[in-house]
There are 2 protein chains.
Amino acid sequence: MKVTINDIAELTHVSKSTISRVLNNSGPVAEKTRKAVIEAMDRLDYKPNEIARSLSLRRTMTVGIVMQDIRNPYYANACWHGDRLLEEFGYSAVICNVDNDPEREQACLNSMGYRSVDGVLCIGPQEETANIVRAVEEMEIPCVLVDTDPEIAKIDTVTLDNVYGGQLVVDYLVSLGHRKIAFVTSDFTSAERERRVGYSEGLKARGIEVDPSLIISQGEGQWHRGECPSLMELIRNGNAPTAIFASNDFKAIRIVRLLHRLGLSIPDDVSLVGFDDIDAAAMVTPGLTTIHQPIDKMIDIGVRILLKRMGGLKGPTEHEVLRAWLVERESTRKIR
Amino acid sequence: MKVTINDIAELTHVSKSTISRVLNNSGPVAEKTRKAVIEAMDRLDYKPNEIARSLSLRRTMTVGIVMQDIRNPYYANACWHGDRLLEEFGYSAVICNVDNDPEREQACLNSMGYRSVDGVLCIGPQEETANIVRAVEEMEIPCVLVDTDPEIAKIDTVTLDNVYGGQLVVDYLVSLGHRKIAFVTSDFTSAERERRVGYSEGLKARGIEVDPSLIISQGEGQWHRGECPSLMELIRNGNAPTAIFASNDFKAIRIVRLLHRLGLSIPDDVSLVGFDDIDAAAMVTPGLTTIHQPIDKMIDIGVRILLKRMGGLKGPTEHEVLRAWLVERESTRKIR
DNA sequence: ATGATCAGAGGAACCGGTTCCATTCCGGGG
DNA sequence: CCCCGGAATGGAACCGGTTCCTCTGATCAT
């Protein structure tokens, strides 16, 4: 049987209250008593029951991390950072995977209420803005959204300037002499949609007209199977772009294989740029030129805001916006 | 303020006990009363407090998943499977990352006791057998070890036959005509050590002498920085093997880049085989020939054993051993 | 009519902690 | 010598549920 605070009380002939006091250093305890209590705890190998503690304190020292897909290294990495930082502050993370499913996202957010977490960090939510807001309000628990639609005004957010990131890519490619640049996306997240805007605006700013046939949008499902028929077709028709901008590294890596299969060389025949700078981007051959998304910093800021809120700080909602930068590797080169 | 069972009781003029009965379908309740209670719950948007429930029932419906490194896709994938399956049975997973640190592994295992999880799934523990056993016994909570040292007799385990897997690789390479096969490892986990045994035995079985200079062992740290000086040296000295067997895909993918940098082509100059079949193995160029480790099946079996134990089943410890198989991609070819 | 049976509901103890309040005991100042 | 104040401790209520036991009243067979 588990040893409880009562067992310690009985053994030391001291009341529960006093035991609790030495446990939490709350209130005065005579040095002699303290010693005796601590010794008894050691002897019985006493471990306070966190559940009982949580019930009493109405505080669990856990925060929920809600994310789209733990198998995606981008999220796994984010999750790792969050977990580590939270741990430093005595919290433990309950990770919650929603598998890119809006319904599960809703359900998961709601379940956080049941699970009595003290706060929620939501990374890359895909659900409609309004639904997110409603769910968050319903839980009555501090919540910070990281890497999300920046239009959400009522909740604290940490976002990346994806439009700027998209422009960065185009600027860079144009500076290498490219003018025929394709954009490949699934338009799945708001981040992707913003990157698309950056792509268009970047081109315009450089005086290049946006060619709709070079914008290839295709659902996540096919990407998971590693296919992109529209891109293949574009190339087979002899309309191959000289550079491809993929809306994230995951897709970029798929494209490496597709081009390889078509006998096209990267970067000799076509330059390729990704977005996110996941670990694999540096491991792949050729090394992928990409936009480094400072997810660790974003998580860091997000967690710190959350900690403040959990500490009881009210005040106006915060909206941090960060900028990404380009990492040049081997998948891009000057056009001949 | 949160609405509790007492608020419902007050509103419906019914006792707590009855509310609890309709909540859990335990014991008889008149249809009229049930209706009224349910309506009141809806009206006040009542959500039972899981913490209080856990305290009372001494059961949290959570299980801890302890693993080495969530950023490693192999573990992320395993974690995902575990989480999903547990969810099906009404449990939620608390993931616990130990970052390849034996001390954290110990601490984490212990903390599971505090956190009152109902069970623990430990994936790829690296700690000394004896320590693991002690920690697990100390928590007095069901625990299943997946992908671990199979010598642990006192705890349920699910393991891969890594020796067999290693032999598989050697057999395959020899059948392609290779005789000078290097083995690259960090000897970090027991899995790696067994694969090494498989490598040696496979060679012997084929009548090839094991050349110690072809076994390259090097700590995890350098791998994380993407380096392998010993392998580089071996090749620069003109002793390049015709095939390389990496102890896992992670290392294999690093090696792809190293060889690329040395101007060696895969598979034309040297064949490369990994182990694990992580997602990236199929995404990388050239596609990596590797051993498919059925981690999903291993997790599946592990979770089912754990569920039985949590259900109260005693009985002798179980030890499942699975076999992996080879997946041929583009990183290997017949020797000229 | 009567006793047995049982559905339906309430009361109270319990899970293992925390905390407010009351009580005791002590020494020091008036 | 008495009173006051504060340190040390105990007692009891509380957090929000579950569950055992008891009690009531209706139904049914005898």
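Numbered from 1 within each chain, the chains take letters A, B, ... in sequence-line order.
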*Do nucleotides 14-22 of chain D as a string where each nucleotide becomes B, S or -: B if the base has a protein heavy atom under 4.0 Å, S if just the sugar-phosphate does, - if no protein is that close.*
-BBBBBB--
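Here the side chains of B/L23 and B/Y46 are in contact, with some heavy-atom distance below 4.5 Å. The shortest distance between side-chain heavy atoms of A/V117 and A/M61 does not fall below 4.5 Å. Considering only heavy atoms from C-beta on, A/D101 stays 4.5 Å or farther from A/Q68 through its side chain. At least one side-chain heavy atom of A/V98 sits under 4.5 Å from a side-chain heavy atom of A/V66.
Under the rule for a disulfide (SG to SG under 2.5 Å), the partners of A/C96 that lie at least two apart in sequence or sit in another chain are A/C108. Under the side-chain hydrogen bond (donor to acceptor under 3.5 Å, both in side chains) criterion, A/R309 pairs with A/D156, sequence neighbours left out.
The pair A/R104-A/D99 meets the salt-bridge criterion, with a side-chain N (NZ, NE, NH1 or NH2) lying under 4.0 Å from an Asp/Glu carboxylate O. In summary, A/E137 and A/K154 engage in a salt bridge, as defined by a charged side-chain N under 4.0 Å from a carboxylate O.
Applying a 4.0 Å cut-off to non-hydrogen atoms, none of the residues of residues 32-45 of chain A approaches DNA chain C.
Each end of the helix from C/dA1-D/dT30 to C/dG30-D/dC1 gets its own axis, taken as the rotation carrying the C1' atoms of four end pairs onto the next four within a five-pair window, and the two axes meet at 60° to the nearest 10 degrees.
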List the atom pairs, with distances to 0.1 Å, where a side-chain N or O of residues 314-322 of chain B and a protein N or O form a donor-acceptor pair under 3.5 Å, not counting sequence neighbours.
from, atom 1, to, atom 2, distance (Å)
B/T317, OG1, B/A153, O, 3.0
B/T317, OG1, B/H319, NE2, 3.3
B/E318, OE2, B/K308, NZ, 2.7
B/H319, ND1, B/T157, OG1, 2.7
B/H319, NE2, B/A153, O, 3.2

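Side chains of B/N24 and B/R53: a donor on one and an acceptor on the other come within 3.5 Å.
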